[in-house]
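Counting from 1, the numbers follow the sequence of the chain as shown.
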Amino acid sequence: MEHDILTLGIESSCDETSAAVLRGGRTILSNIISTQIPVHQKFGGVVPEIASRKHIVNILPVIDEAVHEAGVKLKDIDQVAVTYGPGLVGALLVGVSAAKGLAFSLGVPLIGVNHLEGHIFANFLATPELEPPFVALVVSGGHTALVRVEGYNHFRMLGQTRDDAAGEAFDKVARVLGLPYPGGPRIDKLAHEGRPTIDFPRALEEKGNYEFSFSGLKSAVLNYINSERMKGHGLNIPDIAASFQSSVVDVLAHKAFAAVRTSGLDTLVLAGGVAANSALEAKLRAGAKKRGLRFFFPDHILCTDNAAMIACRGFYQSQAGSYSDLYLNAVPGLSLQDVGA
């Protein structure tokens, strides 16, 4: 029975090593996440080589803990789902290699999962009644995109970032402001103490354009800070944070609601690490209520990189016998075939 299928999910695309066990498509038996944030904080961001080495140390203990917490044994696992991209190539190879070895030794299928699709599918874990079709706003450290989810295995990209992702812009502006990594939560907290009094740009707001650009906004913040310092003015950090965050959130919300309207759908879901941003959640919630739309987003633990969302996506791929059609080249030069799967 498909409801009894046990899927082991593995995620190692950046600086979280995670493993999870799901029963069926939506019941989480375990979801273990080992974060590397304390390791990378001293560098102000993720160092790929260090991340890869930490994944090597953490991957097997995390898998063991996930299986133990789920109350099952490795021999009970029916299939293994693993992130194959997008992400840091070295970090991805650790997870893919572990998943390949486990699947081979257990004699079970190996399913390569697109990381961005995984973020979208976190909503299925958080909201059992959610069904396609809907529009998904995916906002993370490396990606910003609007996706029309036609079905469990059919997606249409409506637009994505032309340069920096929203999460990347948050981290870079935080660094300029002297805030520790990760910068997004720090800016969100500071923004509550300030007012959005600075008119930073809102790029690509023209009608019918669902693409994003945040590099100009990042430069505008840097230019403002340098200009104020050259004038001998003190910096109101909370106001800068509030103004920057307001610019990002306004653009994300504007395009998301426009995409839902033109798609003729009544449901918007939020996904990705930046989904944990309180201002973005509040603006989308209020906007959806005003427009009579349904709005869903995952719990914060499911917003960040985790293996439960990968297992969920892998389950639905296995049910259809299909693979990703959203990002055909998640990582240039890396596929499951390339590592011998």
Side-chain angles (χ1 to χ4, degrees), residues 7 9-35 37 66 81 83 86-87 113-149 152 155 165-167 170 182 184-185 188 248-249 252-253 256-257 259-260 265-289 293-317 326:
T7 305
I10 296 174
E11 155 66 26
S12 66
S13 64
C14 190
D15 60 340
E16 271 89 28
T17 313
S18 181
V21 177
L22 259 63
R23 174 172 282 117
R26 303 195 181 190
T27 302
I28 301 175
L29 301 183
S30 65
N31 188 27
I32 306 302
I33 304 170
S34 176
T35 183
I37 286 177
T83 303
V113 173
N114 178 280
H115 183 72
L116 273 296
E117 293 176 5
H119 273 304
I120 295 172
F121 275 62
N123 281 278
F124 292 123
L125 296 172
T127 309
E129 67 270 24
L130 178 63
E131 299 285 345
F134 54 79
V135 170
L137 173 62
V138 186
V139 196
S140 67
H143 310 276
T144 303
L146 277 166
V147 181
R148 178 176 173 130
V149 180
Y152 286 109
F155 316 90
F170 267 98
D188 190 14
V248 174
V249 169
L252 291 172
F257 288 127
V260 175
L265 301 176
D266 67 350
T267 305
L268 172 67
V269 308
L270 178 61
V274 185
N277 181 275
S278 63
L280 179 59
E281 174 197 328
K283 193 170 187 69
L284 291 177
R285 184 186 295 278
K289 183 177 181 180
L293 302 174
R294 300 194 307 161
F295 171 60
F296 301 106
F297 68 98
D299 299 333
H300 285 188
I301 194 64
L302 293 175
C303 290
T304 56
D305 292 348
N306 68 91
M309 68 184 192
I310 301 304
C312 180
R313 175 69 190 114
F315 171 84
Y316 284 103
Q317 285 182 219
L326 178 55

Over all atoms of both residues, closest heavy-atom pair of [X] and [Y]:
X: Ala166; Y: Val139; answer: CB-CG1, 3.5 Å
X: Pro298; Y: Ala126; answer: CA-CB, 3.7 Å
X: Ala81; Y: Gly314; answer: CB-CA, 3.9 Å
X: Pro185; Y: Pro182; answer: CD-O, 3.6 Å
X: Ala20; Y: Ala308; answer: CB-N, 3.4 Å
X: Val149; Y: Ala136; answer: CG2-CB, 4.3 Å

Q: Mind telling me whether Phe121 and Tyr152 have parallel, tilted or perpendicular rings, with 30° and 60° as the class edges?
A: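 Ring orientation, 0 to 90° scale: tilted.
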First locate atom [atom1] of [X], then atom [atom2] of [Y], and finally report the distance between them rounded to the nearest 0.5 Å.
X: Glu11; Y: Ile32; atom1: CD; atom2: CD1; answer: 14.5 Å
X: Lys289; Y: Phe295; atom1: NZ; atom2: CZ; answer: 14.0 Å
X: Arg285; Y: Ser278; atom1: CZ; atom2: OG; answer: 11.5 Å
X: Cys312; Y: Ile28; atom1: SG; atom2: CD1; answer: 8.5 Å
X: Asn123; Y: Phe297; atom1: CG; atom2: CZ; answer: 9.5 Å
X: Asp305; Y: Ile33; atom1: CG; atom2: CD1; answer: 8.5 Å

Would you say that [X] contacts [Y] through its side chain, given a criterion of any heavy-atom pair below 4.5 Å between the two side chains?
X: Thr144; Y: Leu252; result: yes
X: Asp188; Y: Phe170; result: no
X: Leu284; Y: Leu137; result: yes
X: Phe257; Y: Lys283; result: no
X: His119; Y: His143; result: no
X: Phe134; Y: Ile120; result: yes
X: Leu302; Y: Asn31; result: yes

Is it true that a side-chain atom of [X] and a backbone atom of [Y] form a donor plus acceptor pair closer than 3.5 Å?
X: Ser18; Y: Asn306; result: no
X: Thr27; Y: Leu22; result: no
X: Asp15; Y: Thr35; result: no
X: Asn114; Y: Leu116; result: yes
X: Ser140; Y: Gly272; result: no

Q. Given Thr267 and Leu130, is the side chain to side chain contact (heavy atoms under 4.5 Å, CB included) satisfied, shown in steps?
A. CA-CA 9 Å; Thr267 305; Leu130 178 63; 4.1 Å; yes
Q: Let me know which of Glu117, His115, Arg313 forms a side chain to side chain contact (heavy atoms under 4.5 Å, CB included) with Thr83.
A: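 The side chain to side chain contact (heavy atoms under 4.5 Å, CB included) with Thr83 is passed solely by His115 among Glu117, His115, Arg313.
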